[in-house]
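Read through the structure below, which is laid out as structure tokens, and then see the notes.
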Amino acid sequence: MSYDRLEMVKESFEKKAIPANVPSKKPSEYFGELVFDRDKMRKYLDSKTLSSLINCIDKTESLDLKTADAVAKGIKEWALEHGVTHVTHWFQPLTEGTAEKHDSLIDYDGKGGVIETFDGSSLVQQEPDASSFPSGGIRETFEARGYTAWDPTSPVFIMGDTLCIPTVFISYTGEALDYKTPFKKALKAVSDAAVPICRLFDPSVSKVYSYLGWEQEYFLVDEILYSARPDLMITGRTLMGHMSSKNQQLDDHYFGAIPTRVAEFMKDLEISGHKLGIPIKTRHNEVAPNQFELAPIYGEANLSNDQNQIVMNLMRQLARKHGFVVLLHEKPFDGVNGSGKHNNWSLGTDTGTSLLAPGKDSKGNLQFVTFFVNVLAAVQKYNGLLKASIASATNAHRLGANEAPPAIVSAFLGRTMTKVLHKLLEVPSGTPIEIAGKQGKRVGLVEIPEIFVDNTDRNRTSPFAFTGNRFEFRAVGSSANCAGALTTLNAAVASQLKAFKKEVDGRMEVGSPMEIAVMDSLKPLISSVIDTVCFDGNGYSDEWKEEAGKRGLDVETSVPKMFSRFTLPQSIEMFTSTGVYSEKELVARNEVKLETYIKKVQIEARVMGRMAINHVIPAAVQYETSLLKEIALRKDIFGEVREDSTETVLVGKISCLIEDVRSKVEAMKEARKKANAVEDIYCKALAYQDIADSLPGIRRPIDKLEEIVDNRLWPLPKYRELLFIS
Ligand code: ADP
Ligand code: MG
């Protein structure tokens, strides 16, 4: 491989597509072949073991070690048939991505040979030396023990030669050190809080599921060009780069024909996902050049989130096969759209009723409105916290930057539901009301059509939008673990539902019929959400920022300040009363977040400084030198050179820009020294935020230099190359 930029561009431009590995079978025949799902359980487990395991999964009954041994035996048999040689507990620490430590299956057989072993205890629990994972001080390094424990609700799967067991990751003293543990607690909390309300409408409900359908956006960049961009390699985003003459203004990329090389990558990704039981459904181009999206069919939230983590890993691996690197960063390129991960979220009962979709009859509709309004009330009360749940150093580049999401969490309802809420408010208190379905026999006061035409009402500027049968939490970052945001959302909704049920119970105790008690409890919530969190207008406008402040919504734009929402008394109360986080965990997690924020900015600042000094300035000086030589030559031949000659003007400009870059880098280094000396982690993060804010100032003269320095001398692949070669 050459290190000359133009050579690299040529090489990557000429790359041919590598065909995907397409099985000779139909997708329905290989779907899920690498997961130990219920079909495999039936095949590899005896009936007693099978029913214990199913009860453990569906009814959260505990599993004894004898049964675990029998399960492990079945899993081992299945795994060996697939050529598995290693096993790992697969978990989601508070870093980006997942962690795994592979152990070979072999052990001495006591007769001088080795055999493959895998038993219940290695299935159920392990103790990785976990001292290097972020814990926010919960687990000091000398107390290195943390342990991973099997999550039977997410099936065991095979990646390559390794059997992966989804696990939670917990400190020895019981605190969660990962995303999965609190997420599972939040899912339980929302079920526990929702079931009693559902039972008002249908006594047969015993569990409420939270569903997630994620949409993963990403960029692909040719790996040769990527390798010449230290900023992309180290930070995941470009810290400099002049805008290409064309970017996304023609809107010609969105839903356009997928380039062949990309299409083959997508095929491989889809096939690998399907084998792992991930129901990948859609794939398409996104708005920005070289930006794409994929989305599965939604599923139970814990499983769906695990699948998102697996897909992110698959993407990283498979992109390389096709000569690409996948960028999951929220804002890899300035001037074109960044990447998000819409979290489509809903609740449904174990009896098959969706709680966020209109019902079949008046009762069903009242239940729907009950959940709909309570979700809005939760979003209203915890809007600052929800924003904090999606905040990160990387998502900060999208937040509030005239691109989804705005730095204010509001909810979009659409015309139909806005009308419904207003109508409900008109009903006099204590009046029995009927919310009719479209075909409702009895004429009600409010009509909710059975089918929503939600597409006409799409508002892309809203961070939390109702789309007919679900809410779409659009503010989540593309690189994030969805569990971060969804733990907060489910916990907040759980807490709100609990308060609501208490209110309804109070009214019923003094003799109100259920329907009236529910309606009368809903009405104050409705007027409150309409006046605050509900907003269907343009979420990017300046008027909204002002209006939102007046409505009492959280308008904070500083990421470190947003984090502190997690440790406000009302947040601690909400999280502890729902059993999702202890106060200690909240404090520790905030520490991890602040530390991650600081480190990310610190790394960006270092890379920026080094690229400025050893990539940009040398190229600029080289060009300047050639201009000066030209000027000297002219002086020699013609005796003088005009002050407004092209060369002289350029030399003047370049010297100024170089000086500007150098002095700003120096100032930034000084600021870093000062920031590093700050003891308090929160204050340090604020100091680093100032440094983050200073980086665009260094970038500006660099991008101007890129515009005027001889194209052949510029060492860094340009936006037009990174974004348009695929
Ligand atoms: P769009 O880009 O129009 O929002 P997509 O088809 O890209 O739509 O993604 C929509 C996602 O929402 C899919 O993952 C889909 O399975 C999911 N979804 C649909 N209905 C629900 C629901 N009731 N609850 C949760 N997710 C849902
Ligand atoms: Mg989409």
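Indexing begins at 1, ligand by ligand and atom by atom, following the structure's order.
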Problem set entry | Any donor-acceptor pair under 3.5 Å from Asp268 side chain to Asn21 backbone | yes
Exercise. What atoms of ligand 1 come closer than 4.0 angstrom to any heavy atom of Glu472?
Worked result: 4 (O)
Exercise. Looking only at N/O atoms, are Asn344 and ligand 1 under 3.5 Å apart anywhere?
Worked result: yes
Exercise. Could Arg261 and Phe324 be counted as a cation-pi pair, given that NZ or CZ must be under 6.0 Å from the ring centre and within 45° of the axis?
Worked result: yes
Exercise. Does the N or O separation between Pro296 and ligand 1 drop below 3.5 Å for any pair?
Worked result: yes
For this session: May I ask you to check whether over 12 heavy atoms, not counting those of Lys321, lie within 6.0 Å of atom NZ?
Result: yes
For this session: For atom NZ of Lys188, decide whether the heavy atoms of other residues, nucleotides or ligands shown that lie under 6.0 angstrom number more than 12.
Result: no
Exercise. How does His342 reach ligand 1, by side chain, by backbone, by both or by neither, if only non-hydrogen atoms under 4.0 Å count?
Worked result: neither
Problem set entry | Heavy atoms from other residues, nucleotides or ligands near CZ of Arg199 exceed 12 (cutoff 6.0 Å) | yes
For this session: Look only at interatomic distance and state if Tyr211 has a nitrogen or oxygen under 3.5 Å from any nitrogen or oxygen of ligand 1.
Result: no
Exercise. According to the interplanar angle, ranging from 0 to 90°, do the rings of Phe535 and Trp544 count as parallel (below 30°), tilted (30 to 60°) or perpendicular (above 60°)?
Worked result: parallel
Exercise. Just going by heavy-atom distances, which of Ser354, Ser346, Ala465 is nearest to atom 23 (N) of ligand 1?
Worked result: Ser346
Exercise. For ligand 1, does Lys281 get within less than 4.0 Å through its side chain, its backbone, both, or neither, judged by non-hydrogen atoms?
Worked result: neither
Exercise. Counting each atom of ligand 1 from 1 as listed, which ones have a heavy atom of Gly213 under 4.0 Å away?
Worked result: 14 (O), 26 (N)
Exercise. Which atoms of ligand 1 sit under 4.0 Å from any heavy atom of Glu293?
Worked result: 7 (O)
For this session: Please indicate whether any nitrogen or oxygen in Tyr298 is less than 3.5 Å from any nitrogen or oxygen in ligand 1.
Result: yes
Problem set entry | Residue Ile297 vicinity, atoms of ligand 1 by number, heavy atom under 4.0 Å | 16 (O)
For this session: State whether Arg38 and Asp58 are salt-bridged, where the test is any N-O pair (Lys NZ or Arg NE/NH1/NH2 against Asp/Glu carboxylate O) under 4.0 Å.
Result: yes
Problem set entry | Within 6.0 angstrom of Lys184 NZ, more than 12 heavy atoms from elsewhere | yes
